[in-house]
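Just so it is clear, the values below take in all heavy atoms, side chains as well, and ignore hydrogens, waters and symmetry mates.
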Amino acid sequence: MEDPTELAPAVRSILSAARDRAAEGRTDRVDVDPRDLRAAFDRAEADGRVPVVAEVKPTSPTTDGTRDGDPVALAEGMVAGGAAALSVLTEPEHFGGSVEVLERVRGAVDVPVLRKDFVVAESQLDAVESDVVLLIARFVGDDLPDLLAAARERGFQVLVEVHDREELDAALDAGATTIGVNNRDLAELVVDLGTFESVAPHVPDDATLIAESGIGSPSDARRMRAAGADALLVGSAIMDGDVEANTRALTRAEADGGGRADDEEAAADDETTDTTETPT
């Protein structure tokens with residue numbers, strides 16, 4: 001398990017709340033018949049779209065204010081904009097999410113839905129049915145193999161989030177096949193797209209690779225794709241404004257911008273660390 005003293009205060013608070021919720025426990029186990037995430041990405045590719053996992057996120061510790069509006073309507077707008085899949089926050093205290101919202105969204109759309117939460121115990125897996133669950137390697141530490149197995153026993157597909165080579169190695173050793181590289185350092189909340197570019201070359205070709213955090217423009221999308229991202233997980237850049245138009249701008253990034261390789265040279269020349277706190 002991650003040493004809490006090495007995390008930013010906001011992240012320590014999130015982790016503490018997750019452990020409190022895990023302690024509540026559950027007795028009923030879920031069994032999921034999931035929608036295929038990789039197939040959804042492949043369909044987007046075949047349709048000329050960048051595979052985007054668009055996130056329904058009411059608020060965040062690293063943003064100001066909240067996004068009002070019916071989450072189902074927001075989710076439907078994202079799908080209309082071409083999102084291959086959705087992510088729904090279910091963390092209540094810091095992100096304003098709920099399992100009830102996820103249930104409503106998943107019932108209204110036909111794309112895979114990721115449950116975005118901070119799972120640290122097996123009991124939390126039974127909170128709600130989703131197609132994909134998130135396990136953050138830094139948070140679960142040595143418990144990753146057991147939690148990964150427990151999630152798969154229930155039918156979940158699992159996105160394992162990493163930030164560096166050490167965490168990637170742990171994820172691969174645990175048997176992860178869908179890897180998310182978070183461009184945000186949870187110790188300082190600094191976002192650097194170069195994080196993905198440094199980790200991606202070490203991910204096996206047969207794994208599904210998702211770039212997370214800091215993707216705010218079509219140029220960013222093309223940069224992550226040029227670095228090897230099979231898909232992008234995007235929250236704030238989509239939630240800020242017209243979600244359908246924002247989603248479409250990202251899903252059309254390659255078609256409108258000329259393809260994955262357009263920004264490769266610019267990305268190679270860009271040595272600037274993005275120190276914004278734009279969340280995923």
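If you run side chain to side chain contact (heavy atoms under 4.5 Å, CB included) between V88 and each of L114, D117, L102, only L102 comes through. Among V53, V181, L159, the one residue that satisfies the side chain to side chain contact (heavy atoms under 4.5 Å, CB included) test with E212 is L159. Partner of N182 under the side chain to side chain donor-acceptor pair (under 3.5 Å) criterion, chosen from E161, R138, H163: E161. Considering R106, R38, R115 in turn, R106 is the only one that fulfils the salt bridge (charged side-chain N to carboxylate O under 4.0 Å, His left out) rule with D131.
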- [ ] Give the intermediate values and the outcome of side chain to side chain contact (heavy atoms under 4.5 Å, CB included) for residues S236 and M239.
- [x] CA-CA 5 Å; S236 295; M239 289 290 287; 5.6 Å; no

Open item on the list: Checking L125 against V30 for the side chain to side chain contact (heavy atoms under 4.5 Å, CB included) test, could you report, in this order, the C-alpha distance in whole Å, the side-chain angles of both residues, the deciding distance, and whether it holds?
Closed with: CA-CA 8 Å; L125 295 170; V30 302; 5.8 Å; no

Task: Check against side chain to side chain contact (heavy atoms under 4.5 Å, CB included), M224 and E197 - done: CA-CA 7 Å; M224 294 293 91; E197 292 164 327; 4.2 Å; yes

TODO: May I have the step-by-step check of side chain to side chain contact (heavy atoms under 4.5 Å, CB included) for L232 and L250, ending in yes or no?
DONE: CA-CA 9 Å; L232 315 174; L250 294 172; 5.6 Å; no

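With values rounded to the nearest 0.5 angstrom, T208 atom OG1 is found 8.5 Å from D206 atom CG. Between L74 atom CG and D242 atom CG the span is 10.0 Å, to the nearest 0.5 Å. Taking CD1 from I215 and CZ from F196, the interatomic distance works out to 8.0 Å, rounded to the nearest 0.5 Å. Taken from CD1 in I210 to CG in L134, the straight-line distance is 9.5 Å, to the nearest 0.5 Å. Taking CG of L86 as the start and NZ of K116 as the end, the distance is 13.0 Å to the nearest 0.5 Å. The distance from the OG1 atom of T178 to the CG atom of L135 is 11.0 Å, given to the nearest 0.5 Å.
A pairwise comparison of heavy atoms in P71 and V105 identifies O-CG2, 4.0 Å as the closest pair. When all heavy atoms of V111 and A83 are compared, the closest pair comes out as CG1-O, 4.1 Å. Contact detail for A108 and E76: the closest heavy-atom pair is CB-OE2, 3.9 Å. Shown here for A171 and V160, the closest heavy-atom pair between the two residues is CB-CG1, 3.6 Å. Shortest non-hydrogen contact noted between T251 and G82 is CG2-O, 3.6 Å. For the residue pair A207 and D230, the shortest heavy atom distance occurs at O-OD2, 3.5 Å.
N246 places a side-chain N or O within donor-acceptor distance of the main-chain N or O of I238, the cut-off being under 3.5 Å. No donor-acceptor distance shorter than 3.5 angstrom exists from the side chain of R104 to the backbone of E100, with no hydrogens or angles considered. The main-chain N or O of R35 is found under 3.5 Å from a side-chain atom of Q157 such that the two form a donor-acceptor pair. With D47 contributing its side chain and R43 its backbone, the two residues share no donor-acceptor pair below 3.5 Å. Between the side chain of D185 and the backbone N or O of V190 there is no donor-acceptor pair closer than 3.5 Å.
Using a 4.5 Å heavy-atom cutoff, the side chains of E122 and D146 are not in contact. When side chains are defined from C-beta on, P51 counts as touching R225, because their heavy atoms get closer than 4.5 Å. Two residues are said to be in side-chain contact when any heavy atoms from C-beta on lie closer than 4.5 Å; R29 and E153 meet this criterion. Looking at L172 and P204, their side chains come closer than 4.5 Å, going by heavy atoms from C-beta outward.
A salt bridge links E244 with R248: the closest approach of a Lys/Arg side-chain nitrogen to an acidic carboxylate oxygen falls below 4.0 angstrom.
Take S198 and apply the side chain to side chain contact (heavy atoms under 4.5 Å, CB included) test, not counting sequence neighbours, and it matches no residue.
By the 6.0 Å contact criterion, CG on D31 is enclosed, its count of non-hydrogen atoms from other residues, nucleotides or ligands being greater than 12.
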